[in-house]
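Working notes for the structure below.
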Number of protein chains: 2
Amino acid sequence: MRTETADMPDFSPRQNEVLEQALRLLVEGGEKALTTSGLARAASCSKESLYKWFGDREGLLAAMIAHQAAKVRTFERSGERLSAELLREHLELFARDLLEVLSGDVSLALNRLAIGQSGPGAGPNGSKLGKLLVEHGRRQIDRRAMALIDAGKRVGLLRFDNADAAYHTLYGLIVSDLHVRMLLGEPGLKDTARQAERAIDAFLSLYRTEKQPLEVLRTSSAR
Amino acid sequence: MRTETADMPDFSPRQNEVLEQALRLLVEGGEKALTTSGLARAASCSKESLYKWFGDREGLLAAMIAHQAAKVRTFERSGERLSAELLREHLELFARDLLEVLSGDVSLALNRLAIGQSGPGAGPNGSKLGKLLVEHGRRQIDRRAMALIDAGKRVGLLRFDNADAAYHTLYGLIVSDLHVRMLLGEPGLKDTARQAERAIDAFLSLYRTEKQPLEVLRTSSAR
DNA sequence: GCAGAACCGTACCGTACGGTACTTCAGAGG
DNA sequence: CCTCTGAAGTACCGTACGGTACGGTTCTGC
């Protein structure tokens, strides 16, 4: 949730500043508060510049998504050899991070915005924003989780034939209907750690191999 | 998905007719296509009548949700004693029905509408529509599933201490992130039956008791 | 110091919406 | 036949938005 506008690749610092204000307006007042005039006023720029930079209101929204996605970086630190306990720990950390990201103000506002624009009436580029959001916003998260469960499989702690299906199961166990409920205005859940723990318990029950956490380390691949 | 307007409790037949047209407009053109003038034209009524009947645009939207919810009835036929196979069958049927409902045009349109209105800028009644939608639209579904898994527990086929948590797990396993993805404009998933089967497999793996002669262990791999 | 570009602030235009008022029409009841 | 009630159709109003145009100002390169 940084507010820095240092090294964004796609936009100039000034433009990132404007995008930051746009996100602020969107978070605070919803889509209806994000008007070109309002943004120009809030960001102290001219509407003409907005249209020169982003071409269109659609372009502005897409730029906001890209800008926000560029701020969310997931650290993929691995290297250390996975034990059963370490795998569980990493999975729970992933679950907590996922829940935190999904319940964040900016994420919810952007998802509401994209969903509102994804109706059948939005012409050919109707779900363009939706596509953008799910790709930009999800890729990092997906990669992190996939790498994690793949590593778990590689060391023999997890067992599945379809990594994609396993990941979707993991996602469903963690998120359930919380995302939609929050999008509908329900206040965020009380205890994310508890939810994460339960989800990972279930996931491990489904996909872990039979070796008990204490007797592991004596596998065929032990060196 | 009936179009009959027979015995709605809250509104007159004429009003239900208008609400039906409103839903049609919303499904076909998204929120922006649902204007008071457009609805009056499409439903051959006057705007004045709209405001007399529903008071407000918000009231119209709420009436649409109530109207649609009144159309979705879930049959709760039980009575027959549950066997393991019967329980699985009912769970899979529930999963398929849930996925079908969530991917329905009207459901998606109404969810988009409510989500679009659920931003922080909508004052005190901001998430009013969202609350309405989740209550009216979900209660039937929730009750059906809860009754099902409760029955499963009562006859000793399922085992859990927190029915609510078990139901949320079931929901997450079935829906995963499909709902949000569809709300974002992604086309509905290809094979709901497959998804339902996998979800129920996982759910039963988690919550069934050991006393079942389950040599089947339906493989959730390729078909 | 100067020319040119970039940009801010603002005024402006066309449009479309929510909501209201007014006129017209159809039917029910005496 | 007359009247009254309710609803359709339409015209209208205020507002607000997206997008454009223009004058004034700051920054940059030479």
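The sequence lines fix the lettering, A, B, ..., with proteins before strands; numbering per chain opens at 1. Any value given below was found using the heavy atoms of this structure, including those in side chains, with hydrogens, waters and symmetry copies removed.
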Discussion item. Test salt bridge (charged side-chain N to carboxylate O under 4.0 Å, His left out) on B:Arg24 and B:Glu28; report intermediate values, then the result.
Written reply: CA-CA 6 Å; B:Arg24 194 177 59 81; B:Glu28 289 179 358; 3.3 Å; yes

Discussion item. So if I take every side-chain heavy atom of B:Thr35 and compare against C:dC17, D:dA7, C:dG19, which nucleotide ends up nearest?
Written reply: C:dC17

Worksheet entry | Between P of D:dT20 and NZ of A:Lys52, the distance in whole Å | 13 Å

Item to complete: Answer with yes or no whether the side chains of B:Glu20 and B:His67 bring together a donor and an acceptor at under 3.5 Å.
Response: yes

Item to complete: Look at A:Trp53 and C:dC7 and indicate whether a side-chain polar atom (N or O) is within less than 4.0 Å of OP1 or OP2.
Response: yes

Worksheet, complete the sentence: Closest of D:dG19, D:dA21, C:dG19 to the A:Asp56 side chain is D:dG19

Worksheet item: Which is true for A:Arg41 with a 4.0 Å heavy-atom rule: it touches a base, it touches only sugar-phosphate, or it touches nothing?
Response: nothing

Fill in: Exceeds 12 heavy-atom contacts within 6.0 angstrom, atom CZ of A:Arg41
no

Worksheet item: Side chains of B:Asp56 and B:Tyr51: is there a donor and an acceptor less than 3.5 Å apart?
Response: no

Worksheet entry | Candidate nucleotides D:dA7, D:dG18, C:dG18, ranked by approach to the side chain of B:Tyr51 - the nearest | C:dG18

Discussion item. Using whole Å, what does the distance between atom P of nucleotide D:dC17 and atom CZ of A:Arg57 come to?
Written reply: 10 Å

Item to complete: Go through C:dG9, C:dG18, D:dG19 for me and flag the one nearest to the A:Glu48 side chain.
Response: C:dG9

